[in-house]
Participant: 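Here it is: the structure, laid out below.
Whatever order the structure lists them in is the order used to number ligands and atoms, beginning at 1. Just so it is clear, the model here is predicted, and its values are computed rather than measured. For the numbers below, each heavy atom of this structure counts, side chains included, while hydrogens, waters and symmetry mates do not.
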Amino acid sequence: MEDLKRNLQIIKKDIKEAMILSGRSDDVLLVGVTKTFPVDKIYDGMELGIFDVGENKAQEFTEKYAIIKDRVNWHFIGHLQKNKVKYIVGKVKLIHSVDSLGLAEEISKRAEKANIIQDVLIEVNVSGEESKFGVRSNNIEDLLTSISQLKGIKVKGLMTMAPNVDDDLLVRSVFKELRLLKENIIDLHINNINMDYLSMGMSQDFKLAILEGANIIRVGSLIYGKR
Ligand SMILES: *Cc1c(COP(=O)(O)O)cnc(C)c1O
């Protein structure tokens, strides 16, 4: 608990510094990524004020949700298969990882059944790495246009993961590209599509992400410790 407290203090200071450096006065939402950690860590985080929690696997989320319920805002940040959508929709505040029309349709269908609208982000594979999930930037306009017709889903922004490299310039250029993509999308004025959120930055690169306009950062190991 003491570790957690200290980690969080350092992160908050770093967030503040990056905000000042970039001249921003808006808010950054810190999502505590608790994948692979036991629920105790979620409780510890709650005591320190972390009420936005990210999980990346449907099974693990379901187990933790059964215990914690709606006492936190859940964020689903991992690759989501269509057959797992039913375990997620309506329970999470935001799905960060929509990367196909098929997935969006399934989410919308399940949400309509439950009489809700599910908020989502579109995951973009900015760097074009084969190993990464996400929509390629050049396909996003078509995808958004199709999703905008769906009744049960609301697009609230974009998410990306930077390559796992030690090259700040490269990492920052990926974040910058997502920000520019967001601005291009805003200019398209697609009905029912909104670009409130840029979810980018993890333990090793959240400062760079904030400099490029991230307003949701997803931080795990730097808060909760090594996995
Ligand atoms: C694990 C994970 C994170 C957090 O990673 P850390 O290095 O632990 O901060 C953020 N986003 C996604 C999509 C993840 O899977």
Participant: What protein heavy atom sits nearest atom 4 (C) of ligand 1, and how far off is it?
Facilitator: Arg218 O, 3.6 Å

Participant: So between Met202, Met161, Gln204, Glu123, whose heavy atom ends up nearest atom 10 (C) of ligand 1?
Facilitator: Met202

Participant: Taking Met159's backbone N and O only, do any of them form a donor-acceptor pair with Ser199's side chain (distance below 3.5 Å, no angle check)?
Facilitator: no

Participant: Drop me the distance from Lys93's NZ to Asn73's CG, to the nearest 0.5 angstrom.
Facilitator: 4.5 Å

Participant: Could you tell me which atoms of ligand 1, counted from 1 in the order shown, lie closer than 4.0 angstrom to a heavy atom of Gly220?
Facilitator: 4 (C), 6 (P), 8 (O), 9 (O)

Participant: Show which atoms of ligand 1 fall inside a sub-4.0 Å distance from at least one heavy-atom site of Val219.
Facilitator: 9 (O)

Participant: Would you call His96 a ligand 1 contact, heavy-atom distance under 4.0 Å?
Facilitator: no

Participant: In the protein, which heavy atom is nearest to atom 6 (P) of ligand 1, and how far is it?
Facilitator: Ser203 OG, 3.5 Å

Participant: Would you call Asp44 and Lys5 a salt bridge, using N to O less than 4.0 angstrom?
Facilitator: no

Participant: Of all the non-hydrogen atoms in the protein, which one sits nearest to atom 12 (C) of ligand 1, and at what distance?
Facilitator: Ile77 CD1, 3.5 Å

Participant: Which of the atoms in ligand 1, numbered in the order shown and given with their element, are less than 4.0 Å from a heavy-atom of Arg227?
Facilitator: 8 (O)

Participant: Can you say whether the rings of Phe133 and His79 are parallel (under 30°), tilted (30 to 60°) or perpendicular (over 60°)?
Facilitator: parallel

Participant: Within the supplied structure, the quantity of interest is the number of heavy atoms (other residues, nucleotides, ligands) at a distance under 6.0 Å from Phe37 CZ; does it exceed 12?
Facilitator: yes

Participant: Quick test of your reading of the structure: of His79, Lys57, Lys35, whose heavy atom lies closest to atom 15 (O) of ligand 1?
Facilitator: Lys35

Participant: Do the side chains of Lys57 and Glu60 get close enough for a salt bridge, i.e. N-O under 4.0 angstrom?
Facilitator: no

Participant: Would you mind checking which non-hydrogen protein atom is closest to atom 7 (O) of ligand 1, with the distance to 0.1 Å?
Facilitator: Ser221 OG, 3.6 Å

Participant: I'd like to know if Glu2 and Arg6 make a salt bridge, using a cut-off of under 4.0 Å between side-chain N and carboxylate O.
Facilitator: no

